[in-house]
2 protein chains.
Amino acid sequence: MSNKRSQPKRERILDVAEELFALHGFDGVTLRQIANGAAVDVALASYHFGKKLDLFNAVFERRADLLNSARLDALRACQSSAGEAGPEVEQIIEAFLRPLELAQETGDPGWQHYLALIAYINNSPYWGPRMMSKLFDQLVEEFIAALRKALPGALEEDLYWCYHNLSGALTLTLAQTGRIDKLSGGKCRSADFEAAYDHMIPFVAAGFREVCVNRRNATD
Amino acid sequence: MSNKRSQPKRERILDVAEELFALHGFDGVTLRQIANGAAVDVALASYHFGKKLDLFNAVFERRADLLNSARLDALRACQSSAGEAGPEVEQIIEAFLRPLELAQETGDPGWQHYLALIAYINNSPYWGPRMMSKLFDQLVEEFIAALRKALPGALEEDLYWCYHNLSGALTLTLAQTGRIDKLSGGKCRSADFEAAYDHMIPFVAAGFREVCVNRRNATD
DNA sequence: TTTAAATTTCAACGCTTGTTGAAATGTGCG
DNA sequence: CGCACATTTCAACAAGCGTTGAAATTTAAA
């Protein structure tokens, strides 16, 4: 089938494509730039993946299952350790975000490029509708179900808008634009995912509670 | 200098460029697509704006001052109506977000495309550092100063991470990807900025207070 | 109406794009 | 080795790209 020496070049194409697509988007990268970065002939990308769009999809598929499994495992784990009532909001958000640190943990810089690429498609009016549902809908619905249970009586509308706010904050974090580094004068660093999540978890949890619980009960 | 009949074609180029750049990004749009959409010859874009990148910049400059003025006026207004202690967090966030509804108010669909374009560059690792500071740094620092005053004792680090979360939630809203429409089964609509801000303001305000005040005082 | 300037179109340029078929090279098995 | 097959390179294609100089047209003032 596939021999051992051939894999490195195929993988290198995916690595470079991942990084360049994350930085410049689908149309901002040429197959020749990718081939050049991987020290490989242009035609090799077509041989392994077909059209440019197929290569784009292959980049996503390579890590999709691993990422979704890590996040789902984290959710299951906090559900198990919680009692009958289910986990608290903070624990659910934590399970949603912390596995994304595997980018740092594994030491594979490709993970960071991959997450930046997800940020790119999630924020794109063109790619978002075409790719996000297929990749993440199932996982997201599980997390929202857990949040629904942790916030009894919450309106569906409130629940989804809050998730939208969480998704936006996360997306900008994954995009790694370095804007917060400059704004804060170096006090915050875009690359420090741990610090980002340390602040995002209580921020988002408080937002969920305010919108889904406190504000609604106040008018009862 | 510039006559009256020439403006329509120049403006139409900007309108179409604004819409297509917001949807597909800088590299995903060709000058011929823009010219075609504006029912104009390709060379006319070069005549009016120069290089493709100059046209890109012209799209931003057209509405930048108007947008920044509207948001700054809103901040000044809530500062005036507040007392010596300054406005509350909610009022500041409100002043930051509500002027963005002028997209709907003016009935000009170009505003929505413009805001989607800002979302595109803010989330882009390539364009973000090149364009965001020039366009928004001054305004953002004013709002953060107001928030600093409304959250006495807040750590600078906390303040900027919270602003980062706000910026992310806003960016995904402006991007108009329609993802929340599908996820919520139609209960939430991306195009409904008013609903988005109605949920974002209490969400973000609660997040700021939790991270900058409650959590820090708990360990004192 | 004449005239000069601004606007718009036309036609083409040199270059890059994604893609492909055929040739060359490498690999593992008998 | 010799053979089959996977991999990689080479060379080239048609199409589309941004850009430009010159011609045609429209506009505004004299």
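Chain A is the first sequence line, chain B the second, and so forth, proteins listed ahead of strands; every chain is numbered from 1. These numbers were taken from a predicted model, which means no experiment stands behind them.
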[X] [atom1] - [N] [atom2] separation (whole Å):
X: Ile34(B); N: dG16(D); atom1: CD1; atom2: P; value: 17 Å
X: Phe49(A); N: dT7(D); atom1: CZ; atom2: C1'; value: 13 Å
X: Asp54(B); N: dT20(D); atom1: CG; atom2: P; value: 10 Å
X: Asp27(A); N: dG18(D); atom1: CG; atom2: C1'; value: 16 Å
X: Leu44(B); N: dT19(D); atom1: CG; atom2: C1'; value: 14 Å
X: Lys9(A); N: dT25(C); atom1: NZ; atom2: C1'; value: 10 Å

Under the salt bridge (Lys or Arg N to Asp or Glu O under 4.0 Å) test, which residues partner Asp54(B), sequence neighbours left out?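 Per chain and number, Asp54(B) pairs via salt bridge (Lys or Arg N to Asp or Glu O under 4.0 Å) with no residue.
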Qualifying residues under salt bridge (Lys or Arg N to Asp or Glu O under 4.0 Å), relative to Arg32(A), sequence neighbours excluded: none
List for me each residue that meets ring pair (Phe, Tyr, Trp, His ring centres under 6.0 Å) alongside Phe49(B), sequence neighbours excluded, and say none if there are none. none
Can you name the residues that form a ring pair (Phe, Tyr, Trp, His ring centres under 6.0 Å) with Phe26(A), not counting sequence neighbours?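 If we apply the ring pair (Phe, Tyr, Trp, His ring centres under 6.0 Å) test to Phe26(A), skipping adjacent residues, the hits are Phe21(A), Phe56(A), Trp127(A).
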Below 4.0 Å: OP1/OP2 of dT8(D) and any side-chain N or O of His48(A):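 Indeed, a polar side-chain atom of His48(A) lies that close.
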Find the bend of the helix from dT1(C)-dA30(D) to dG30(C)-dC1(D) as the angle between its two terminal axes (five pairs each), to the nearest 10°. 10°
Whether each nucleotide of nucleotides 10-20 of chain C has a protein heavy atom under 4.0 Å at its base (B), only at its sugar-phosphate (S) or at neither (-) is summarised, 5' to 3', as B-B----BBBB
Test: Arg98(B) cationic atom under 6.0 Å from Tyr197(B) six-membered ring centre, within 45° of axis: no
Contacts of type side-chain hydrogen bond (donor to acceptor under 3.5 Å, both in side chains), residue Asn165(A), not counting sequence neighbours: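 Scan of Asn165(A) (side-chain hydrogen bond (donor to acceptor under 3.5 Å, both in side chains), adjacent residues dropped) gives none.
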Taking side-chain hydrogen bond (donor to acceptor under 3.5 Å, both in side chains) as the definition, give me every residue that meets it alongside Thr177(A), ordered by chain and number, with sequence neighbours left out.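 None.
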Going by salt bridge (Lys or Arg N to Asp or Glu O under 4.0 Å), name the pairs with one or both residues in residues 105-124 of chain B, residues two or more places apart or in two chains. Arg63(B)-Asp108(B)
